[in-house]
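Data block below; observations after.
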Amino acid sequence: MDLRTLADWTLRPRLLAVPGVAQVTIFGGEVKQYQVIADPAKLTDYQISLTELMTAAQRANQNAGAGFMDSPGQSLVIHGLGRVTSLEDLEDSVIAVRNGLPIQIRNVASVRLGPEYKVGDSSTFGKPSVILIVLKQPGANTLTTTRTVAAALAEVRRALPQDVVMDTELFRQADFIERAISNINSAMVEGGVLVAIVLLVFLATWRAGLISITAIPLSLLVAVVVLRRFGGTINSMTLGGLAIAIGAVVDDAIIDVENVFRRLRENRVKPTPQPVLQVIYAASAEVRGSIVYATVIIALVFLPIFSLSGLAGRIFAPLGYAYIISILASLAVALTLTPALCYFLLPKVAGQSDESVVVVRLKQLYRRVLDPLLDHPKTVTAVSSVLLGATIAVVPFLGGEFLPEFNEGNLIIHMTGLPGTSMQESMRVGAIVQSRLAQIPETVKTAQQTGRVELGEDTLGPYYTELIAKLKESDRPREVVMADVRDKLDDIAGFTFGIKQFISERIEEVLSGTTATIAVKVFGPDLDVLRETAQQIQAAMAPVPGVADLTMERQTGVPEVAIRFDRKALALHGLRSADLAETVQAAFYGTRVSDVLEQQKTFAILVRYDPRAATDIEAIRRTLVDTTPGGKVPLGSIADVHIVNRPNTIERENAQRRIVVSCNVASGSLTGVVQQIQQQVDQHVHLPSGYYIVYGGQYEAQTQAVNQMTRLGSAAIVGIFLLLFLAFGSIRHALLVMANLPLALIGGVLAVLIASKGEMSVASLVGFVTLFGIATRNGIMLVTHYNHLLAEEGMPFGRELVVRGAIERLSPILMTALTAGLGLLPLALSGGKPGRELEQPMAVVILGGLVTSTLLNMAVIPVLYLRFGRRAYHEGIPHE
């Protein structure tokens, strides 16, 4: 009781004063009360009614303001002090006077300090404890709020009694965020290093590499400034967007620097070299059109992400904003700063150096490969078509999930007993569960919360328990740890268990109202039929491979003591229904009549009958009730008291009754498991007329997101085509460039099969959308250079033009592909690391697609251009 008082009146007010804290709820302990426990027999002997006792207890605790006492020199306030300060004050208070003798509260009731009736309790490590749950305000920064809360608790800790142990590390959402940000930052650094190596290898001079790599910090800095300016925060998703963009932000600068460097070397060997400034300007203008259109297309393909509705839109929008802002910033750097740096740093070195050995060898190798490809255009086209056809054939067999599972370092275990299970039983079994969890090598700390709290948002009864297990990092995969936990809890009878992680649980609760991955909802009018149908569905789902934590919503009959008032009997005794209702409440639960002030603390004064009055049905029936004339009658004579069976709860959704059968997915894909569940339910469950089933949870959200991304992605592809047509003025040119999209699809799907085990999530779809924009850049660079050779340098259309254009564009295409790909490599190889769960599937798709689109782009586009380029060129005036 003292520990709960400390939490209520010392810790909670201090934490509520912390900026960013919205609510502090307290589980466990005993809330202190001044309890007046009436003795029904003594009330009868003294002819005192329960109402009179409540009135006396209330009026015994009052102060009074009595005006002022004026004197010539001052005015004094007259204050009547009558509030209770001790148990004796309450005991000595007078209820009534009988035969000239005062009857005090002590004569008819015992007064004591006791605990409030508990509807919730908690324990830590299996031992009783008090748990404070701190909720932050919407929009408040989690890390900042957590640090401020920790500082406040450190201040309070010094004033606590020596025997009070405070553990502030039981569960901190900030732990996951800090690890996530650290991992994303390390991925950005690793990616940046790889990008720098690529630039130095290809450009063979630190000056050109420095000019190109300058785009990375400047672009990311601009993105951060813009995000902060418009109220954004630097979180794991915005950092993820920057990490994905780290290899792409340098592409525009690479294209510009490489072309300037090449033109300066060519100018060096001319009989009459042109002025350096003129060469740099012309070289930058030569690629400016392709840079602008490519960057605009990349930004365009991200628009579907911002149009995603629901939770997926909220999650991926910050990533999209960070990515687009950094890409647009890189374009601004490439158009302004990069040419200026080229003027200051490149002229001297361009006159002293040639292409790097790596570039020379690659061009020689490419020339040997390109000639046979141009000799066999039908074979090249056929092979590409077969690869694309095989890829499209594989797509229907890919698994599906809404979001990858997060690696948070904690487990949330929902333990549900039969409705009506006592809190004592739930706490006992919860202690057993905590002891089992302690046997898991990764377990660091455990805690239990049973029932509900006074200020909590959940309204579940004592049959429901939530256990928290904090885990340490280990070599065992998350799935193995969760399987170990399920195995440890499998033999505990009478309770069902659902095992999740915190973020996954909250996501699923938002999506379907349940804390499970798959929710099969049965709708209908009759509760008994609903319950029977739900049981059939549960039996049909049980044998499906991958189904775990299978449970049916506990909507069932529970015993209840019903006190039905006899209105005719009430009328005979001059009672009204409300009078008896208030008496019944006061007798068996208690009525709060006033509050005792102890310094800044307040404690309720509760009046009720002795709890032994409600130990069985007969005791309740014998309970004496005050009548209007002043007598007393047994409750059983004016009300029918019996035990009935009633639903513990009736759940509704969309104004209809429903029951949910839910489960998690332990193995296999979400889509595959749901499809098997649907097959089993269709075969074994017969739905009566007026009843229907809805499949909800992550599956519903995943299906909705896939449909949205498919529609919006198709619209983005149309937008890409229109921009390409605007850039080239030719439908054939636009189609030539868009040939990169199916080529990118091949590698993206292959990467999903290999690295993501065939699981296609919303994050993977976002990766495909991003990939289409990046892959288009290479096609634009190649086709615009062909058109430049035709229009500006006057080369005749033919094989030599195609070969020269491809070889001259080999270096920038490989550099942009390698920098974009290697910048993503740390993310792609970081499966399971906290903070990289959403970015890793995206990186895998983009990396795989870049490989095939780059290789096939250099093989297929030259072949197609040689075949269709002449007519495409004459369709309209090309624009660079």
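Numbers here are sequence positions counted from 1.
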Expected list for residues 61-70: side-chain donor-acceptor pairs under 3.5 angstrom, two or more places apart:
{"residue": "Asn61", "atom": "OD1", "partner": "Val84", "partner atom": "N", "Å": "2.7"}
{"residue": "Asn61", "atom": "ND2", "partner": "Ser594", "partner atom": "OG", "Å": "2.8"}
{"residue": "Asn61", "atom": "ND2", "partner": "Asp595", "partner atom": "O", "Å": "2.5"}
{"residue": "Asn63", "atom": "OD1", "partner": "Gly82", "partner atom": "N", "Å": "2.7"}
{"residue": "Asn63", "atom": "OD1", "partner": "Arg83", "partner atom": "N", "Å": "3.0"}
{"residue": "Asp70", "atom": "OD1", "partner": "Ser75", "partner atom": "OG", "Å": "2.7"}

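- With sequence neighbours left out, Arg14 forms a salt bridge (charged side-chain N to carboxylate O under 4.0 Å, His left out) with Glu155.
- Residues passing the side-chain contact (heavy atoms from CB on, under 4.5 Å) test with Thr85 are Asp89, sequence neighbours excluded.
- A pairwise comparison of heavy atoms in Pro161 and Leu6 identifies CD-CD2, 4.3 Å as the closest pair.
- Gln74 is linked by a side-chain contact (heavy atoms from CB on, under 4.5 Å) to Ser71, Leu76, counting only residues two or more places apart in sequence or in another chain.
- Lys470 places a side-chain N or O within donor-acceptor distance of the main-chain N or O of Glu169, the cut-off being under 3.5 Å.
- Considering Leu43, Thr44, Asp39, Leu50 in turn, Leu43 is the only one that fulfils the side-chain contact (heavy atoms from CB on, under 4.5 Å) rule with Val108.
- Partners of Asp610 under the salt bridge (charged side-chain N to carboxylate O under 4.0 Å, His left out) rule, at least two apart in sequence or in another chain, are Arg612.
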With a cut-off of 3.5 Å and sequence neighbours excluded, list every side-chain donor-acceptor pair involving residues 135-142.
{"residue": "Lys136", "atom": "NZ", "partner": "Ala140", "partner atom": "O", "Å": "2.9"}
{"residue": "Gln137", "atom": "NE2", "partner": "Val21", "partner atom": "O", "Å": "3.3"}
{"residue": "Asn141", "atom": "OD1", "partner": "Leu143", "partner atom": "N", "Å": "3.0"}
{"residue": "Asn141", "atom": "OD1", "partner": "Thr144", "partner atom": "N", "Å": "2.9"}
{"residue": "Asn141", "atom": "OD1", "partner": "Thr144", "partner atom": "OG1", "Å": "3.2"}

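- Contact between Asp8 and Val31 at its shortest, heavy atoms only, is OD2-CG2, 4.4 Å.
- Remark: Asp2 pairs with no residue by the salt bridge (charged side-chain N to carboxylate O under 4.0 Å, His left out) rule, at least two apart or across chains.
- Shown here are the ring pair (Phe, Tyr, Trp, His ring centres under 6.0 Å) partners of Tyr464, two or more places apart in sequence or in another chain: His414.
- Qualifying ring pair (Phe, Tyr, Trp, His ring centres under 6.0 Å) partners for Phe171, counting only residues two or more places apart in sequence or in other chains: Phe502.
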In a table with atom names and distances, give each donor-acceptor pair under 3.5 Å that connects a side chain of residues 114-124 to protein atoms at least two apart or in another chain.
{"residue": "Lys118", "atom": "NZ", "partner": "Gly29", "partner atom": "O", "Å": "3.4"}
{"residue": "Lys118", "atom": "NZ", "partner": "Asp121", "partner atom": "OD1", "Å": "3.3"}
{"residue": "Lys118", "atom": "NZ", "partner": "Asp121", "partner atom": "OD2", "Å": "2.8"}
{"residue": "Ser122", "atom": "OG", "partner": "Phe27", "partner atom": "O", "Å": "3.1"}
{"residue": "Ser122", "atom": "OG", "partner": "Ser129", "partner atom": "O", "Å": "2.8"}
{"residue": "Ser123", "atom": "OG", "partner": "Gln434", "partner atom": "NE2", "Å": "2.7"}
{"residue": "Ser123", "atom": "OG", "partner": "Gln448", "partner atom": "OE1", "Å": "3.1"}
{"residue": "Thr124", "atom": "OG1", "partner": "Ser129", "partner atom": "OG", "Å": "2.7"}

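- Taking the six-membered ring for Trp and thresholds of 30 and 60 degrees, Tyr34 and Phe603 have ring planes inclined between 30 and 60 degrees apart.
- For the residue pair Gln58/Arg592, the side-chain donor-acceptor check at 3.5 Å is not satisfied.
- For Pro611, the side-chain contact (heavy atoms from CB on, under 4.5 Å) partners two or more places apart in sequence, or in a different chain, are Ile37, Arg608.
- Among residues two or more places apart in sequence or in another chain, the salt bridge (charged side-chain N to carboxylate O under 4.0 Å, His left out) test is passed with Arg112 by none.
- For the pair Asp45 and Lys42, the salt-bridge criterion is not met [side-chain N within less than 4.0 Å of a carboxylate O].
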